[in-house]
Amino acid sequence: MIDNIQTFEECSSTCTKCLDDKLAGTDGKRHIVLCGGTGCLSSNSMEIKEKFEKLLEEKGLADKATVNIVGCFGFCSQGPFVKIYPEDTLYRMVSIDDVEEIIDTDIVGGNIVERLLYVDPATGEKVTKQDDINFYKKQRRVALHGCGVINPEDINEALGMGAFQGLKKALSMTPEEVVDEVLKSGLRGRGGGGFPSGRKWMFAQKSAGDEKYVVCNGDEGDPGAFMDRSILEGNPLGVIEGMMIAGYAIGAQNGYFYVRAEYPIAVNRLKLAIKQAREMGLLGENIMGTGFSFDCHIRLGAGAFVCGEETALLNSIEGKRGMPRPRPPFPAVKGLWEKPTIVNNVESLACVPFILREGADEFAKVGTEGSKGTKVFALGGKVNNVGLVEVPMGTTLRELIYDIGGGIPNGKKFKAIQTGGPSGGCLTEEFLDEPIDFDNLVQKGSMMGSGGAIVMDEDNCMVDVAKFYMEFICDESCGKCSPCRIGTKRILEILTKITEGKGTMEDLETLEELSKTIQTNSLCALGQTAANPVNSTLKHFRDEYIAHIVDKKCPAHVCKNLMQYKIDKDKCVGCGLCAKNCPASCITQTDYIAEGHKLASYEIDPEKCVKCGLCMSNCRLSAISKE
């Protein structure tokens, strides 16, 4: 039980030595760690762990090697991962069938299993260590501190990685000094708004109230985004510590985690971390004997995207329908249960311990003039290296997509990157060398958002992309204000009409007019930014809209009503696989004469074709194409 600063220092020192010994191998053991992020767990990471434990026991090696789950390694397209300490050997795409070979070859024999190493696609060389892989070289982990290294279910390993050192330093300062340190760091909200976190804390600190609250926004709802989830899964105590520092700074004694129920692993690890911190005396009354008291509570969200908006989130915690409140008053003045409240997202709070532990100047060394520190992105879509990355602010889109992301698969041409999720915009090739920061992305017609980054190639239809995001916005609109409730529905109807080949040129003017109306008059940021995907695609890909309307063609061959499958007679050998697999029976054999010979081929009836694509996927000679 930690009841004073000295006890904390002794415990922390012991834990640090244990973790250092583990990583350096000076404890005389080999240590096997497996990625315990949601992606790898869904690919049997836990079953692989159990197989390791079972075989180590059977082979009498249980006292010579340990097996643990750690947080997300980030390189999701190469998982599941297994790392061996102290050599720091990284194996990727490990299956249950590989376990015995790793034990026999590596753990017992001391030799690397070459076939499980990552192969650099540029050089063809095998890479043994994580930091030597291009995906990791330009990354810097601040918010993801400890993820992929420590066991997130063991508070002792978190203490060994420096947990609560930032809190200890904060408790030696006045609350005003803590706020000044966060202000000095330049930390801006990582949830999408980019508001200076220190200013938000300062407003709440100066607001009068007999009770104040800190709320952690873990309601991550952007399609393809998993930044907050991975942080909570990989190092929940880091976020708890950030919340406690915020509580001390504004004079709050209670914090609430609002996490969507679709994140069961993150929720369970968060619950365990809170329990362990309470048992150790690092949560609750008189923390470290300093007189500061603070406790954490968890509330589960039902998956409403609008509850990512801070006032809707507060309504949901209070048991009300998740709908935004008019502002002012802002939550820092009148928030949860009408008490002064600060709402920070998971990533923002995860950065706070670093700022206090290492200093504001160290945090501000990285980044741009207006955007300090690092940013976590969920890099997905048409990119080779799909995964979670944390890069310094100011990193260019080209570096993100090509150096870290490994470029576009199958030699396809880059078309656009959607940043900021449904509220963001699509940026084209001309912006690849633009630095990533809050203000620059907005100036270019997109936004940082919470960190989703979806890459698109030449096979994506940008009208269809805009329609996809508008479908999402329509589903997630709370319906409280008319501009968002009605306007987004009208935009979706027009986009649908265009993708079906029924659009008119007047529809483009209507889209632009509706977009301005929704942006100007909606109550919350969900509505105010809802038309961003439409505006950005209209600006950069207007020719695609015109092709849909005038030529009745989808240049990317995505919109089903505007394309058809065609069989090339010169390539077709008459095997009939397309006809046999056609669910609509729309493919028939036709004979034709070529150079005096009667040959068999097939034709597709465009009226009957349901555009399922089975014929194209079954053709071994690529004789079927989309037009």
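Residues take their numbers from the sequence shown, with the count starting at 1.
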Charged N-O contact under 4.0 Å between Lys83 and Asp88: yes
Check Arg542 with Glu512, please: is the shortest side-chain N to carboxylate O separation under 4.0 Å? yes
Identify the two heavy atoms, one from Ala266 and one from Arg229, that lie closest to each other, and give their separation to 0.1 Å. CB-O, 4.1 Å
Considering all heavy atoms, the nearest Leu526-Phe305 contact: CD1-CD2, 3.3 Å
Indicate yes or no for a side-chain donor-acceptor contact from Lys552 to the backbone of Gly501 under 3.5 Å, with no hydrogens or angles considered. yes
Would you say Tyr91 and Ile112 make side-chain contact, with heavy atoms under 4.5 Å? yes
For Asn134, the side-chain contact (heavy atoms from CB on, under 4.5 Å) test, sequence neighbours excluded, returns Asp120, Lys137
Considering the options Arg140, Glu390, Gln139, Arg141, which one meets the side-chain hydrogen bond (donor to acceptor under 3.5 Å, both in side chains) requirement together with Thr374? Glu390
Nearest atoms (heavy-atom pairs only) where Cys40 meets Cys35: SG-SG, 3.4 Å
Heavy-atom check, side chain of Val82 versus side chain of Phe52, under 4.5 Å: yes
Side chain proximity check, Lys375 to Asp437, heavy atoms < 4.5 angstrom: no
Charged N to carboxylate O below 4.0 Å: is that the case for Lys412 and Asp457? no
Rounded to the nearest 0.5 Å, what separates atom CG in Asn385 from atom CD1 in Ile401? 12.5 Å
Let me confirm one number: the CD1-CD1 distance from Ile103 to Ile32, rounded to the nearest 0.5 Å. 6.0 Å
Measuring centre to centre across the rings, with the benzene-like ring taken for any Trp, is Tyr118 within less than 6.0 Å of Phe135? no
Side-chain contact, heavy-atom cut-off 4.5 Å: Thr537 with Tyr545? yes
Would you find a donor on one side and an acceptor on the other, under 3.5 Å apart, between the side chain of Glu309 and the backbone of Val306? no
Donor-acceptor pair, side chain of Ser371 and main chain of Gly367, under 3.5 angstrom: no
Taken to the nearest 0.5 Å, the spacing of Leu144 CG from Leu388 CG works out to 5.0 Å
Within 6.0 Å of CD in Glu607, more than 12 heavy atoms from elsewhere: no
Can you name the closest pair of heavy atoms from Arg115 and Lys126 and give their distance? N-NZ, 4.3 Å
Provide the closest heavy-atom pair for Phe438 versus Gly194 in the form atom of the first, atom of the second, distance. CE2-CA, 3.6 Å
Looking at every non-hydrogen atom in both residues, tell me the closest pair between Phe472 and Gly221 and how far apart they are. CZ-O, 3.4 Å
Are the side chain of Ser536 and the backbone N or O of Pro533 linked by a donor-acceptor pair below 3.5 Å? yes
Atom CD of Glu100 and atom OG1 of Thr105: how far apart are they, to the nearest 0.5 Å? 9.5 Å
Looking at Lys382 and Glu458, is there a salt bridge between them, counting it only when a charged N and a carboxylate O are closer than 4.0 Å? no
Measure the CG-SG distance between Leu577 and Cys615 for me, rounded to the nearest 0.5 Å. 11.5 Å
CD1 of Ile417 to CZ of Phe431: how many Å apart, nearest 0.5 Å? 12.5 Å
